[in-house]
Amino acid sequence: MTTIEPGWYPDPADPATQRYWDGDAWVGKPVPADAEPPAEPEPVDPEPELLPTSLKDDAPEAAVQTLPMDRRYGDGPPPRIIQRTPGTVQPPDTVPIRSLGVTVGWITRHDIHRILGGRVLAHPGQRFVARIVDVVCMLALNAVVNGYFIYQMMQTFWPYFLEVASSADPGEVAVPSRLSDQLWVVLLIALGLWFAYEVPATLNTGQTLGKRLMGIKVVSLAPVNLGWGRLLLRWSYFALPLLCFPFGAILWILDGIWCIRDQPFRQCLHDKSPGTAVVEVGGEKAEPEKEPSR
């Protein structure tokens with residue numbers, strides 16, 4: 001294995017910062033990515049206990065959630081999540097965990113590295129381009145498989161639309177009885193194609209065509225493999241808004257941009273419940289805290 005020279009490198013857990021690699025492990029405090037790093041890294045503060053030392057003795061205890069033991073975390077205790085409770089403050093060298101824009105707890109940078117297993121989180125831009133590619137693929141699939149039913153629906157809808165547009169009182173124009181049935185047929189076929197395109201591929205390799213082209217993949221943050229149930233839950237966040245289109249498009253947009261501000265794993269809303277994240281394929285490592293990329 002190629003040895004990386006000691007020096008400052010982008011922090012895989014937070015690309016906005018850089019950390020010092022001593023040849024074997026990450027050491028010292030991170031510094032901003034655009035700042036001139038010191039010759040030697042500043043030592044990391046000792047990992048806090050349940051309560052930071054700065055809190056008063058009569059302050060309430062901070063609730064700590066310990067993740068299940070797993071060999072991929074390496075030696076030592078499993079990662080811990082310090083939950084936010086009234087009266088607690090952010091411990092040093094931790095990253096906020098945010099839900100719906102609200103800080104609900106904190107986790108140390110070291111534990112983030114251990115959970116990611118040395119993998120690098122995908123950039124939101126990579127995810128956006130991958131989704132665009134997947135949408136184009138889905139439109140092509142629907143044109144082939146669903147095209148006939150879309151044509152039949154348009155044969156019903158277009159005369160109705162023209163009559164409404166030319167009528168002095170559009171409310172008096174009766175909606176064709178077949179239009180609703182045809183619309184549901186088109187939607188259900190589109191949902192079936194979407195499920196067949198995305199869920200099995202993600203289960204097998206973590207990648208759709210768009211993610212494969214962008215060199216990213218879906219992984220589980222929990223120490224268990226992805227399964228049908230979790231991926232069905234993940235996919236349902238996309239599927240349900242389609243049933244109330246075009247209003248569901250607002251949910252799609254909100255879901256898509258959520259990863260821009262999310263911490264610490266850059267999750268979209270559809271990643272939250274199933275406990276998934278998207279990482280770079282080239283940034284995968286077999287064990288946590290491996291050497292930085294050149």
Looking at [X], I want to see if its [atom1] is surrounded by more than 12 non-hydrogen atoms of other residues, nucleotides or ligands under 6.0 Å.
| X | atom1 | answer |
| --- | --- | --- |
| Trp158 | CH2 | no |
| Asn204 | CG | yes |
| Tyr160 | OH | yes |
| Glu163 | CD | no |
| Leu139 | CG | yes |

Please determine whether salt bridge (charged side-chain N to carboxylate O under 4.0 Å, His left out) holds for the pair Glu42 and Arg19, giving the CA-CA distance in whole Å, both sets of side-chain angles, and the decisive distance to 0.1 Å. CA-CA 10 Å; Glu42 182 181 353; Arg19 293 189 74 184; over 6 Å; no
Output the distance between atom [atom1] ([X]) and atom [atom2] ([Y]), rounded to the nearest 0.5 Å.
| X | Y | atom1 | atom2 | value |
| --- | --- | --- | --- | --- |
| Ser166 | Phe161 | OG | CZ | 10.0 Å |
| Asn146 | Gln152 | CG | CD | 11.5 Å |
| Gln182 | Phe149 | CD | CZ | 10.5 Å |
| Met153 | Ser180 | CE | OG | 11.0 Å |
| Asp255 | Arg131 | CG | CZ | 8.5 Å |
| Thr17 | Lys29 | OG1 | NZ | 13.5 Å |

Would Trp258 and Lys272 satisfy side chain to side chain contact (heavy atoms under 4.5 Å, CB included), going step by step from the backbone distance to the final call? CA-CA 11 Å; Trp258 198 266; Lys272 293 290 186 178; 4.0 Å; yes
Are [X] and [Y] linked, directly or through other ILVMFWY residues, by side chains that come within less than 4.5 angstrom of each other?
| X | Y | value |
| --- | --- | --- |
| Tyr151 | Trp184 | no |
| Phe157 | Val175 | yes |
| Leu254 | Ile260 | no |
| Leu221 | Leu233 | no |
| Leu209 | Met138 | yes |

Quick one: does [X]'s side chain have a donor or acceptor within less than 3.5 Å of a partner on [Y]'s backbone?
| X | Y | answer |
| --- | --- | --- |
| Arg119 | Leu116 | yes |
| Gln207 | Val218 | no |
| Asp262 | Gln267 | yes |

Where is the tightest heavy-atom contact between [X] and [Y], given as atom of each residue plus distance?
| X | Y | result |
| --- | --- | --- |
| Ile216 | Ala130 | CD1-CB, 4.1 Å |
| Thr202 | Leu226 | O-CD1, 4.3 Å |
| Asp134 | Gly210 | OD1-N, 2.9 Å |
| Tyr237 | Ser273 | OH-OG, 2.7 Å |
| His270 | Thr276 | O-OG1, 4.5 Å |
| Arg114 | Asp111 | NH1-OD1, 3.0 Å |

Is the centre of the Trp8 ring less than 6.0 Å from the centre of the Tyr20 ring?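 Between Trp8 and Tyr20, the centre distance is under 6.0 Å.
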Tyr197 ring center within less than 6.0 Å of Trp194 ring center: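 When the ring centroids of Trp194 and Tyr197 are compared, they turn out to be at least 6.0 Å apart.
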Pairwise side-chain contact, [X] with [Y], heavy-atom cut-off 4.5 Å (strictly under):
| X | Y | result |
| --- | --- | --- |
| Ile81 | Trp106 | no |
| Gln18 | Asp11 | no |
| Ser167 | Glu172 | no |
| Ile82 | Ile107 | no |
| Leu231 | Pro274 | no |
| Phe195 | Leu232 | yes |
| Lys217 | Val278 | no |
| Thr208 | Val133 | no |

Between [X] and [Y], is there a side-chain N and carboxylate O pair less than 4.0 Å apart?
| X | Y | answer |
| --- | --- | --- |
| Asp271 | Arg127 | yes |
| Glu280 | Arg266 | no |
| Asp181 | Arg178 | no |

Are Leu193 and Val145 close enough, and set up right, to give a side chain to side chain contact (heavy atoms under 4.5 Å, CB included), and what steps lead you there? CA-CA 9 Å; Leu193 289 173; Val145 179; 3.9 Å; yes
Do Thr94 and Arg109 meet the criterion of a side-chain donor-acceptor pair at a distance under 3.5 Å?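 Looking only at side-chain atoms, Arg109 and Thr94 do not form any donor-acceptor pair under 3.5 Å.
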